[in-house]
S.K.: 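Structure below; questions to follow.
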Amino acid sequence: MVDLWLEKALSDTNPAARGARSDYDLNGDGDGDAPKTPVRQAAVLVPIVRHDQGETILLTKRTDNLAKHAGQVSFPGGSIDAVDDDAVAAALRETREEIGLTADYVNIHGMLDIYRTGTGFEISPIVGTVRPGFTLAVEPNEVAETFEVPLEFVMDRRNHQRQSAVWQGRRRHYYAMPFGEYFIWGATAAMLVNLVDVMEAAREGV
């Protein structure tokens, strides 16, 4: 059932908003303060694991020694390189390199809205369902651990918090989804909200 839901959610006929989102959408200025030319193109995999007892979303927690986004919760993924044919290829390659999940376990359904970050990345979130039975092998220099969040938790709007902090002298607002010991926030939380947006828009008739 979730496959049919995703196919409709990510189709061109879905009435949900499509296009680009950014770190600034919750602050009333849209992309006004976002970099006009992204420094780097990136792609992440939004992996929905199809367990018999219910779907989950597989996430990573970055190591504390990274130059950027150290210790943060994120999707597996990274920069789109010259060796990649497209964003899907980049997301699958980075996922394999970071956590050892290979493409033969993943069924790609489509892409969420492109997400622009204040640090100069333009991220393509690639949504795929994952067949259970895989074995993960994390890259210890990049990933401290992996964990799974029930899709039901993500779909519950009561878990979509709006928080704020002062950054570069201005108060900025962002999404957060605290889950147990894990603090999901920023771009990752915003892309999950986008996933809920498009799935809710496609709910009728599935």
Side-chain angles (χ1 to χ4, degrees), residues 1-22 25 41-60 73-81 84-117 121-136 146-157 159-160 175 177 179 184 187-206:
M1 179 63 71
V2 73
D3 294 85
L4 293 175
W5 198 359
L6 285 169
E7 293 294 343
K8 183 175 181 181
L10 300 172
S11 72
D12 292 337
T13 59
N14 184 3
R18 312 297 291 176
R21 300 192 178 199
S22 81
D25 287 345
Q41 299 287 326
V44 298
L45 181 67
V46 181
I48 302 175
V49 186
R50 299 183 58 195
H51 295 294
D52 290 338
Q53 64 272 30
E55 293 82 10
T56 63
I57 295 179
L58 177 62
L59 294 169
T60 73
V73 170
S74 67
F75 297 111
S79 297
I80 300 177
D81 294 339
D84 300 314
D85 291 335
D86 53 23
V88 173
L92 291 172
R93 174 185 56 77
E94 287 280 352
T95 298
R96 183 187 71 250
E97 293 174 357
E98 288 186 0
I99 63 174
L101 178 62
T102 54
D104 54 311
Y105 282 94
V106 183
N107 181 29
I108 299 298
H109 292 278
M111 188 177 78
L112 297 172
D113 298 343
I114 290 172
Y115 194 87
R116 295 172 178 153
T117 73
F121 283 86
E122 187 170 88
I123 304 172
S124 296
I126 308 300
V127 180
T129 49
V130 181
R131 174 171 54 88
F134 55 85
T135 300
L136 299 182
T146 64
F147 66 99
E148 297 181 32
V149 180
L151 180 60
E152 183 179 11
F153 173 89
V154 173
M155 294 295 298
D156 190 340
R157 292 285 189 181
N159 297 322
H160 300 183
Y175 280 112
M177 295 185 194
F179 177 73
I184 307 166
T188 301
M191 285 184 274
L192 287 173
V193 170
N194 186 201
L195 175 67
V196 176
D197 289 344
V198 298
M199 291 185 74
E200 284 189 345
R203 186 191 300 271
E204 184 177 350
V206 175

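We're numbering straight along the sequence, starting at 1.
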S.K.: Kindly write out the residues that satisfy salt bridge (Lys or Arg N to Asp or Glu O under 4.0 Å) with E98, not counting sequence neighbours, or none if the list is empty.
M.R.: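 Partners of E98 by the salt bridge (Lys or Arg N to Asp or Glu O under 4.0 Å) criterion, ordered by chain and then number, come out as R62.
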S.K.: I need the single residue from L45, I57, T95 that forms a side chain to side chain contact (heavy atoms under 4.5 Å, CB included) with F75. Which is it?
M.R.: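 Only one of L45, I57, T95 forms a side chain to side chain contact (heavy atoms under 4.5 Å, CB included) with F75, namely I57.
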S.K.: Tell me yes or no: between the side chains of T60 and S74, is some donor less than 3.5 Å from an acceptor?
M.R.: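 Yes, a side-chain donor-acceptor pair sits under 3.5 Å.
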S.K.: Test of understanding: with ring pair (Phe, Tyr, Trp, His ring centres under 6.0 Å), list the residues that count as partners of F179, not counting sequence neighbours.
M.R.: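 F179 satisfies ring pair (Phe, Tyr, Trp, His ring centres under 6.0 Å) with F153 once adjacent residues are dropped.
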S.K.: Determine, stepwise, if the pair L195 / V193 fulfils side-chain contact (heavy atoms from CB on, under 4.5 Å).
M.R.: CA-CA 5 Å; L195 175 67; V193 170; over 6 Å; no
S.K.: Would you call D104-R96 a salt bridge at under 4.0 Å N-O?
M.R.: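 Looking at D104 and R96, the cut-off is not met.
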S.K.: Using only atom types and a distance under 3.5 Å, with no angle test, would you say the side chain of D86 pairs donor to acceptor with the backbone of A89?
M.R.: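 Flag set: sc D86 to bb A89 pair under 3.5 Å.
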S.K.: Begin with the C-alpha distance, continue with both residues' side-chain angles, and end with the deciding distance and a verdict on side-chain contact (heavy atoms from CB on, under 4.5 Å) for L136 and L58.
M.R.: CA-CA 11 Å; L136 299 182; L58 177 62; 4.2 Å; yes
S.K.: Is the closest side-chain heavy-atom distance between I184 and V149 below 4.5 Å?
M.R.: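 The answer is yes, as the side chains (C-beta and beyond) meet within the 4.5 Å cut-off.
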S.K.: Measuring from E200:CD to R157:CZ, what's the distance to the nearest 0.5 Å?
M.R.: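 It is 4.0 Å, given to the nearest 0.5 Å.
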S.K.: Just by distance, do the side chain of R50 and the backbone of T56 share a donor-acceptor pair under 3.5 Å?
M.R.: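 Here the side-chain-to-backbone pair does not exist.
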S.K.: When you compare the side chain of P76 with that of E94, does any pair of heavy atoms fall below 4.5 Å?
M.R.: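 Side-chain contact under 4.5 Å: no.
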S.K.: Listed by chain and number, what are the side chain to side chain donor-acceptor pair (under 3.5 Å) partners of Y105, not counting sequence neighbours?
M.R.: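 Side chain to side chain donor-acceptor pair (under 3.5 Å) list for Y105, sorted by chain: empty.
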S.K.: Roughly how far, to the nearest 0.5 Å, is the CD1 atom of I80 from the CG atom of D85?
M.R.: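 Spacing of CG (D85) from CD1 (I80) equals 11.5 Å.
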S.K.: Under 3.5 Å, side chain of H160 to main-chain N/O of V154, donor-acceptor pair present?
M.R.: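 Looks like yes, one N/O pair under 3.5 Å.
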S.K.: Please step through side-chain contact (heavy atoms from CB on, under 4.5 Å) for the pair V44 and M191, ending with a clear verdict.
M.R.: CA-CA 10 Å; V44 298; M191 285 184 274; 4.3 Å; yes
S.K.: Which pair of non-hydrogen atoms, one from A190 and one from Y115, has the smallest distance, and what is that distance?
M.R.: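 For A190 and Y115, the tightest heavy-atom pair comes out as CB-CE1, 3.5 Å.
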S.K.: When rounded to the nearest 0.5 angstrom, what distance separates CG in L112 from CG in L10?
M.R.: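 L112 atom CG to L10 atom CG measures 6.0 Å (nearest 0.5 Å).
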S.K.: Do any N or O atoms from the side chain of S124 and from the backbone of A87 form a donor-acceptor pair under 3.5 angstrom?
M.R.: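 No; judged by distance alone, with no hydrogens or angles, the pair does not exist.
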S.K.: Within a strict 4.5 Å, meaning less than it, do heavy atoms of the R21 and R116 side chains meet?
M.R.: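 Sidechains of R116 and R21: no contact.
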S.K.: Let me know which of V130, L101, L151, T129 forms a side chain to side chain contact (heavy atoms under 4.5 Å, CB included) with V49.
M.R.: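 For V49, the side chain to side chain contact (heavy atoms under 4.5 Å, CB included) test succeeds with only one of V130, L101, L151, T129, which is V130.
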S.K.: Taking the side chain from N107 and the backbone from G128, do they hold a donor-acceptor pair closer than 3.5 Å?
M.R.: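 Here the side-chain-to-backbone pair does not exist.
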S.K.: For D156, what residues pass the salt bridge (Lys or Arg N to Asp or Glu O under 4.0 Å) criterion, not counting sequence neighbours?
M.R.: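 For D156, the residues satisfying salt bridge (Lys or Arg N to Asp or Glu O under 4.0 Å) (neighbours in sequence not counted) are R158.
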S.K.: Under a 4.5 Å cut-off applied to non-hydrogen side-chain atoms, are E148 and H51 in contact?
M.R.: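 A side-chain contact under 4.5 Å exists here.
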S.K.: For the side chain of S22 and the backbone of T117, is there at least one donor-acceptor N/O pair under 3.5 Å apart?
M.R.: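 Here the side-chain-to-backbone pair does not exist.
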S.K.: Please list, chain by chain and in numerical order, all residues satisfying salt bridge (Lys or Arg N to Asp or Glu O under 4.0 Å) with E97, sequence neighbours excluded.
M.R.: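 Salt bridge (Lys or Arg N to Asp or Glu O under 4.0 Å) list for E97, sorted by chain: R93.
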S.K.: Distance from D197 atom CG to D113 atom CG, nearest 0.5 Å?
M.R.: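 The CG atom of D113 is 8.0 Å from CG of D197, to the nearest 0.5 Å.
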S.K.: Could you tell me which residues satisfy side chain to side chain contact (heavy atoms under 4.5 Å, CB included) with A42, sequence neighbours excluded, listed by chain and number?
M.R.: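 By the side chain to side chain contact (heavy atoms under 4.5 Å, CB included) rule, A42 matches F121, I123.
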